[in-house]
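Take a look at the structure set out below.
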Amino acid sequence: MAGIESKDIHKIVIACDAGMGSSVMLASQVRKQLKGEGVEVVHTPVNSIPGDADVVLCHAGLADRARASAPGVVLVPFQVFIGDPAVTRLIDTIKKGGTVDA
Amino acid sequence: MPETAPLPLDPRAVRLDASAADRDDAIAQCGRVLVEIGAVEPSYVEAMLARERSISTYVGEEVAIPHGTLAAKDVVRHDAICVLRFPGGVDWGGERVTVCVGIAARGDGHVRLLSELAQILMDPDSARALREADEVSEVLSLLQPTQEDQ
């Protein structure tokens with residue numbers, strides 16, 4: 001599927017298995033870095049990704065489950081919870097404008 | 001969340017000088033501490049081990065954050081975290097871990113603490129302070145959310 005333009009990103013969902021650990025930590029970081037950008041950042045279990053998500057961030061190991069749970073939504077997988085280049089790239093794109101690839 | 005909500009980090013759940021044979025042992029010890037402080041039912045420990053086998057909870061700076069699965073939320077009595085330090089190090093799938101932050105959550109009571117932990121991990125000096133703190137009170141104060149987070 002196609003990517004999404006940064007201006008169309010209003011809600012980022014960070015998904016993990018239980019929504020109680022790593023996703024919470026990453027969400028707090030992303031929220032801080034996107035303060036003032038008008039983007040809502042939430043964390044949820046991978047099986048209950050809300051329908052209005054514009055971009056889903058999740059650990060690469062959960063990517064298949066996230067795709068099944070939120071078909072058609074741009075998915076950005078990452079490997080490490082702190083300082084992953086994929087996450088940094090997403091934040092940069094939102095701040096500076098551009099396309100986030102699916 | 002009201003700012004006056006008590007932080008779910010009980011001083012009794014901070015251990016500065018633990019040692020573990022391996023990763024599963026370290027996780028089981030975290031689980032037992034969460035059981036001891038009344039945060040979870042004993043079956044939560046098995047869920048923590050299962051969660052770790054699916055995806056590592058290693059988050060960097062020698063820190064791992066073991067926690068249960070979605071299904072195990074039912075056996076969580078209240079939000080809590082524990083901090084166990086393993087000065088001798090634990091092999092965590094190839095990474096060295098000296099600090100385990102065990103998590104039990106059914107709500108969002110622990111979110112401020114995790115947010116603070118993320119800040120600590122992004123600052124190498126703070127991360128070192130967490131690894132090397134000599135007193136339980138230092139660990140508690142490092143994880144104490146700053147004004148900005150509240």
Side-chain angles (χ1 to χ4, degrees), chain A residues 12-36 39-50 56-70 75-92, chain B residues 8 30 39-40 44 47-48 50-76 79-81 93 95 100-124 126-127 145-146 148-149:
Chain A
I12 295 176
V13 171
I14 293 160
C16 83
D17 175 68
M20 72 166 87
S22 33
S23 63
V24 174
M25 215 161 76
L26 181 61
S28 75
Q29 287 314 295
V30 173
R31 199 172 291 131
K32 242 173 221 162
Q33 291 177 58
L34 289 178
K35 214 172 196 172
V39 178
E40 187 190 354
V41 181
V42 299
H43 61 92
T44 71
V46 68
N47 296 334
S48 51
I49 294 170
V56 172
L57 263 172
C58 80
H59 191 277
L62 288 173
D64 289 345
R65 280 171 64 191
R67 272 194 196 96
S69 165
L75 180 77
V76 177
F78 60 85
Q79 297 286 348
V80 294
F81 291 104
I82 300 290
D84 192 286
V87 177
T88 308
R89 213 157 42 232
L90 172 67
I91 288 165
D92 277 358
Chain B
C30 288
V40 299
Y44 189 75
M48 293 174 84
R51 167 63 182 79
E52 197 69 41
R53 282 181 212 118
S54 68
I55 296 174
S56 170
T57 62
Y58 181 74
V59 290
E61 290 288 346
E62 301 188 9
V63 178
I65 55 166
H67 55 271
T69 55
L70 186 58
K73 277 197 177 188
D74 289 344
V75 295
V76 176
D79 296 343
I81 73 166
E95 303 282 357
C100 277
V101 179
I103 302 165
R106 52 182 308 140
D108 281 337
H110 65 308
V111 169
R112 286 178 298 161
L113 283 170
L114 281 190
S115 171
E116 204 54 36
L117 178 61
Q119 289 293 105
I120 290 171
L121 297 182
M122 289 174 76
D123 173 20
S126 304
T146 48
E148 184 204 350
D149 296 315

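Order of the sequence lines sets the chain letters (A, B, ...), proteins ahead of strands, with each chain counted from 1. Values reported hereafter were calculated over all heavy atoms of this structure, with side chains retained and with hydrogens, waters and symmetry mates removed.
With sequence neighbours excluded, the residues that form a side chain to side chain donor-acceptor pair (under 3.5 Å) with B:Glu61 are B:Arg131. For B:Asp123, the side chain to side chain donor-acceptor pair (under 3.5 Å) test picks out B:Ser126, with sequence neighbours left out.
When every heavy atom of A:Ala66 is checked against every heavy atom of A:Val56, the shortest pair comes out as CB-CG1, 4.4 Å. Smallest separation of non-hydrogen atoms from A:Ala15 and A:Ser23: C-CB, 4.2 Å.
A 4.5 Å side-chain heavy-atom check between B:Leu114 and A:Ser28 finds every atom pair outside the cut-off.
Only the backbone of B:Ser56 comes within contact range of chain A, with at least one heavy atom under 4.5 Å from a heavy atom of that chain. For A:Leu26, no part sits under 4.5 Å from any heavy atom of chain B, backbone or side chain. With a 4.5 angstrom heavy-atom cutoff, B:Ile103 touches chain A via backbone and side-chain atoms both. Heavy-atom distances place the side chain of B:Arg51, and not its backbone, under 4.5 Å from chain A.
Among A:Arg31, A:Gln29, A:His59, the residue with the largest count of heavy-atom pairs under 4.5 Å with chain B is A:Gln29.
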